[in-house]
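Position 1 is the first residue of the sequence; numbering continues from there.
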Amino acid sequence: MTIKVGDKIPSVSLKTMDKDGMQTLSTDDIFKGKKVVLFALPGAFTPTCSAKHLPGFVTQAEALKAKGVDTIACLSVNDAFVMDAWGKAQNTGDKVLMLADGNADFSKAVGLTMDGTGYGMGTRASRYAMVVENGTVKALNVEAPGAFEVSSAEAVLKVL
């Protein structure tokens with residue numbers, strides 16, 4: 001079942017890297033008492049994700065924060081080392097929290113996965129963006145397969 005507006009974010013552990021190495025973050029810690037924009041994409045270093053999706057959120061970080069967003073988070077079914085390297089390559093700095101959903105636990109829990117086996121990628125996150133306030137989904141923009149329209153930073157700014 002796919003998560004929808006009004007639903008609570010499921011409690012799942014994700015990984016991220018910081019100056020002390022790999023860290024485990026619970027979704028409870030990420031979302032509790034905060035306004036979070038979470039966007040997900042099929043894979044780090046992939047064409048649309050690298051050329052458009054992540055860069056848009058880096059560029060629009062200040063505008064999103066000006067609308068009351070506490071955290072901008074990028075999620076992909078990759079490991080924390082890949083997400084960290086991709087964040088560095090994309091100059092995310094402290095603008096975007098890079099979250100690794102290595103086993104697709106979060107993606108499966110929210111029902112937003114895609115089958116990338118034809119590309120040798122296995123189960124991946126669908127491309128989407130959501131606005132979450134204190135753990136509750138307030139807006140959810142899921143892309144049609146192969147599309148990049150409703151989950152961009154610009155589209156999120158319009159719903160804030």
Side-chain angles (χ1 to χ4, degrees), residues 1-10 12 14 16 27 30-31 34-79 82-102 104-160:
M1 187 160 109
T2 303
I3 199 165
K4 60 188 180 311
V5 171
D7 288 350
K8 285 285 199 187
I9 293 290
V12 176
L14 298 165
T16 193
T27 50
I30 296 167
F31 295 101
K34 297 176 190 156
K35 183 184 232 180
V36 178
V37 170
L38 172 73
F39 66 101
L41 36 81
F45 294 104
T46 57
T48 301
C49 304
S50 290
K52 297 178 183 176
H53 209 172
L54 178 55
F57 281 93
V58 173
T59 302
Q60 296 295 335
E62 284 186 36
L64 290 161
K65 300 265 177 151
K67 294 227 178 196
V69 173
D70 298 299
T71 304
I72 303 164
C74 174
L75 179 137
S76 185
V77 180
N78 288 108
D79 63 63
V82 168
M83 292 300 286
D84 184 53
W86 190 39
K88 288 175 180 168
Q90 291 281 331
N91 297 310
T92 58
D94 61 357
K95 294 178 181 178
V96 178
L97 175 63
M98 303 299 284
L99 296 172
D101 185 22
D105 294 335
F106 182 84
S107 297
K108 290 173 185 172
V110 297
L112 290 168
T113 61
M114 61 161 270
D115 180 1
T117 55
Y119 303 101
M121 296 170 67
T123 299
R124 293 295 177 127
S126 299
R127 187 180 306 282
Y128 63 88
M130 63 172 70
V131 177
V132 181
E133 291 184 25
N134 194 26
T136 300
V137 179
K138 297 297 183 182
L140 176 62
N141 296 347
V142 181
E143 296 287 0
F148 177 65
E149 297 166 3
V150 300
S151 67
S152 68
E154 294 77 14
V156 171
L157 278 166
K158 290 178 184 174
V159 302
L160 286 174

Discussion item. Has Glu149 got a side-chain atom pairing as donor or acceptor with Glu143's backbone, closer than 3.5 angstrom?
Written reply: no
Worksheet item: Counting heavy atoms not belonging to Lys8, are there more than 12 under 6.0 Å from its NZ?
Response: yes
Fill in: From CE (Met121) to CE (Met114), nearest 0.5 Å
6.0 Å
Worksheet entry | Which atom of Leu140 lies closest to which atom of Val5, heavy atoms considered | N-CG2, 4.0 Å
Fill in: For Asp7, salt bridge (charged side-chain N to carboxylate O under 4.0 Å, His left out) partners two or more places apart
Lys4
Practice prompt. List for me each residue that meets side chain to side chain donor-acceptor pair (under 3.5 Å) alongside Gln60, sequence neighbours excluded, and say none if there are none.
Written response: none
Worksheet item: Between Trp86 and Asn78, does a side-chain contact (heavy atoms from CB on, under 4.5 Å) hold up when you go through it step by step?
Response: CA-CA 10 Å; Trp86 190 39; Asn78 288 108; 6.0 Å; no
Discussion item. Run the side-chain contact (heavy atoms from CB on, under 4.5 Å) test on Lys52 and Ser152 for me, step by step, so that the C-alpha distance in whole Å, both residues' side-chain angles and the decisive distance to 0.1 Å come before the verdict.
Written reply: CA-CA 8 Å; Lys52 297 178 183 176; Ser152 68; over 6 Å; no
Fill in: Test salt bridge (charged side-chain N to carboxylate O under 4.0 Å, His left out) applied to Asp79 - qualifying residues, sequence neighbours left out
none
Side-chain atoms of residues 90-99: list all donor-acceptor pairs with protein atoms under 3.5 Å, sequence neighbours left out, distances to 0.1 Å.
from  : atom 1 : to    : atom 2 : distance (Å)
Gln90 : NE2    : Ser50 : O      : 3.2
Thr92 : OG1    : Gly87 : O      : 3.2

Discussion item. I need the Met130 CE to Ile3 CD1 distance, nearest 0.5 Å.
Written reply: 5.0 Å
Worksheet entry | Any donor-acceptor pair under 3.5 Å from Asp70 side chain to Lys35 backbone | yes
Item to complete: Please identify each residue that fulfils side chain to side chain donor-acceptor pair (under 3.5 Å) with Asp84, with sequence neighbours left out.
Response: Lys88
Worksheet item: Any idea which heavy atoms bring Ala109 and Pro10 closest together, and the distance?
Response: CB-CG, 3.7 Å
Item to complete: State which residues pass side chain to side chain donor-acceptor pair (under 3.5 Å) with Lys67; sequence neighbours excluded, sorted by chain then number.
Response: none
Please output the side-chain donor-acceptor pairs of residues 40-47 that fall under 3.5 Å, not counting sequence neighbours, one pair per line with the distance.
from  : atom 1 : to    : atom 2 : distance (Å)
Thr46 : OG1    : Gly43 : O      : 2.5

Fill in: Ala155 versus Val150, closest heavy-atom pair with distance
CB-O, 3.3 Å
Item to complete: Could you pull out all residues at least two apart from Ala51 that satisfy side chain to side chain contact (heavy atoms under 4.5 Å, CB included)?
Response: none
Worksheet item: Considering residues at least two apart in sequence or located in another chain, which fulfil the salt bridge (charged side-chain N to carboxylate O under 4.0 Å, His left out) criterion with Lys158?
Response: none
Discussion item. Once side chain to side chain donor-acceptor pair (under 3.5 Å) is applied, do any residues pair with Thr71, and if so which ones, sequence neighbours excluded?
Written reply: none
Worksheet item: Listed by chain and number, what are the side chain to side chain contact (heavy atoms under 4.5 Å, CB included) partners of Thr113, not counting sequence neighbours?
Response: Ser107, Lys108, Thr123
Response to the item:
dist Leu75:CG -> Leu14:CG (nearest 0.5 Å) comes out at 6.0 Å
Worksheet entry | Candidate list Leu64, Ile72, Leu38, test side-chain contact (heavy atoms from CB on, under 4.5 Å), partner Val156, passing option | Leu64
Response to the item:
The complete set of ring-ring contact (aromatic ring centres under 6.0 Å, His included) pairs with one or both residues in residues 48-79, sequence neighbours excluded, reads Phe39-His53, Phe39-Phe57, His53-Phe57, His53-Phe148
Fill in: Interatomic spacing from CZ in Arg124 to CG in Asp115 - rounded to 0.5 Å
11.5 Å
